[in-house]
Amino acid sequence: MVSSLRKFAPRREHKERGQLAKRKHLGQLEKHKDYVLRAQDYKEKQRVLKRLRERAATRNPDEFYFNMERSQVKDGVHVEDRRTALSAEVQRLMDTQDVTYVKMQRDINRNKIEKLQSELHLADTPQGLKGPRHTVFVDTEEDVRKFQAAEHFNTLPEFVGRKHNRPKLETLDQDDISRPATSVLKRAMKVREERLRELKDRLEREEQLRLAESEMRLRHALKEKGDKKKVGRDRLGLAIYKWKAERKK
């Protein structure tokens, strides 16, 4: 009975002192829990190194398997040929999901991109993206040298670089033009910048999903029967395969 009540009795809390004021420049004082985590990490790394040394000592020098022909060593690290050209996000997606899930995510992401592009088709292009261009055709090189964008668009030179809200001179001459409040303009600019940033992120995600889907489909096709050969490499360094045409019954 006494032993069972002992754990409910009040106990004194032992606190660890903090760093002294004259040693503040050395950073925080390591507590016991910090030492425990550091010691556990060190011991785990030592166990891994010990296991690797044992495998290296007991390995068979005559060992061979066919994946050795498709792998290589770079800077002392064994890497797979096709995985080096893919980012970590694409590799993680390929290892944890199937091609149906990736295709579904591409469709959802593509619909959101189209919606954002339809809302921002008049907005300025964010940095890093290729935006639309307004090309003006003239007849001779003399017209090119004499071309004035402000005169052509019938606006002020300050408004030539705009893709939206570029009023003409007739509109500027009117007296009933009302300028919105500064707070409204700031709020609109903030919302537009957020939309542009989201569009840029979704375009990058679309590229990653496209790479993942194409690589997963290629790996599935390589496992199937059929004569194939390597015909080259794409811009990422991945091998391009071509299958021999077969007549289906």
Side-chain angles (χ1 to χ4, degrees), residues 79-137 147 149-150 152-169 171-172 174 176-222 232-241:
V79 294
E80 295 291 338
D81 186 18
R82 297 192 62 84
R83 296 179 68 90
T84 54
L86 301 176
S87 62
E89 291 78 11
V90 175
Q91 295 179 18
R92 190 180 308 110
L93 188 63
M94 293 167 51
D95 294 337
T96 57
Q97 303 296 339
D98 57 355
V99 66
T100 306
Y101 173 83
V102 176
K103 185 178 183 302
M104 180 186 67
Q105 291 298 321
R106 280 196 69 188
D107 295 338
I108 295 175
N109 192 61
R110 195 182 300 113
N111 293 334
K112 292 183 178 179
I113 288 176
E114 293 177 356
K115 182 178 179 181
L116 287 173
Q117 288 178 341
S118 63
E119 294 176 357
L120 301 172
H121 67 284
L122 294 177
D124 293 335
T125 306
Q127 185 178 4
L129 298 180
K130 296 181 179 179
R133 295 183 177 181
H134 193 151
T135 305
V136 179
F137 296 93
F147 180 78
H152 177 80
F153 293 113
N154 193 21
T155 185
L156 293 178
E158 293 82 0
F159 300 150
V160 171
R162 290 186 176 183
K163 293 184 176 62
H164 68 289
N165 192 18
R166 188 169 55 193
K168 295 183 178 297
L169 294 177
T171 307
L172 295 174
Q174 298 177 2
D176 57 348
I177 298 178
S178 59
R179 180 179 177 83
T182 306
S183 59
V184 177
L185 287 176
K186 289 184 178 180
R187 192 180 308 112
M189 290 295 294
K190 183 178 180 180
V191 172
R192 188 164 64 91
E193 290 177 359
E194 292 177 355
R195 296 291 179 83
L196 292 174
R197 197 179 302 112
E198 181 183 358
L199 176 60
K200 182 178 180 180
D201 294 340
R202 291 200 173 277
L203 289 175
E204 294 177 355
R205 175 174 171 80
E206 168 65 19
E207 180 65 18
Q208 293 181 356
L209 292 174
R210 186 191 65 81
L211 287 175
E213 182 181 1
S214 61
E215 181 69 12
M216 294 171 72
R217 292 187 182 278
L218 177 60
R219 290 187 180 184
H220 179 72
L222 290 175
R233 293 184 177 272
D234 58 4
R235 58 184 180 86
L236 295 178
L238 299 177
I240 301 176
Y241 294 89

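A salt bridge between R217 and E213 is present, with a side-chain N of the basic residue lying under 4.0 Å from a carboxylate O of the acidic one.
Residues passing the ring-ring contact (aromatic ring centres under 6.0 Å, His included) test with F147, sequence neighbours excluded: H152. Contacts of E198 classified as salt bridge (charged side-chain N to carboxylate O under 4.0 Å, His left out), with partners at least two apart in sequence or in another chain: R202. Among residues two or more places apart in sequence or in another chain, the side-chain contact (heavy atoms from CB on, under 4.5 Å) test is passed with N111 by E114. Residues that satisfy the side chain to side chain donor-acceptor pair (under 3.5 Å) test with Q97, not counting sequence neighbours, are absent from this structure. Annotation: salt bridge (charged side-chain N to carboxylate O under 4.0 Å, His left out) contacts of K103 (sequence neighbours excluded): D107. Remark: Q105 pairs with R205 by the side chain to side chain donor-acceptor pair (under 3.5 Å) rule, at least two apart or across chains.
Rounding to the nearest 0.5 Å gives a distance of 12.5 Å between CG of L199 and CZ of R192. Between atom CD of residue E207 and atom CG of residue N109 there is a gap of 11.5 Å, rounded to the nearest 0.5 Å. The CD atom of Q208 sits 11.5 Å away from the CG atom of L203 when rounded to the nearest 0.5 Å. The structure places CD1 of I113 at 12.0 Å from OG of S118, a figure rounded to the nearest 0.5 Å.
When every heavy atom of F137 is checked against every heavy atom of T135, the shortest pair comes out as CZ-CG2, 3.9 Å.
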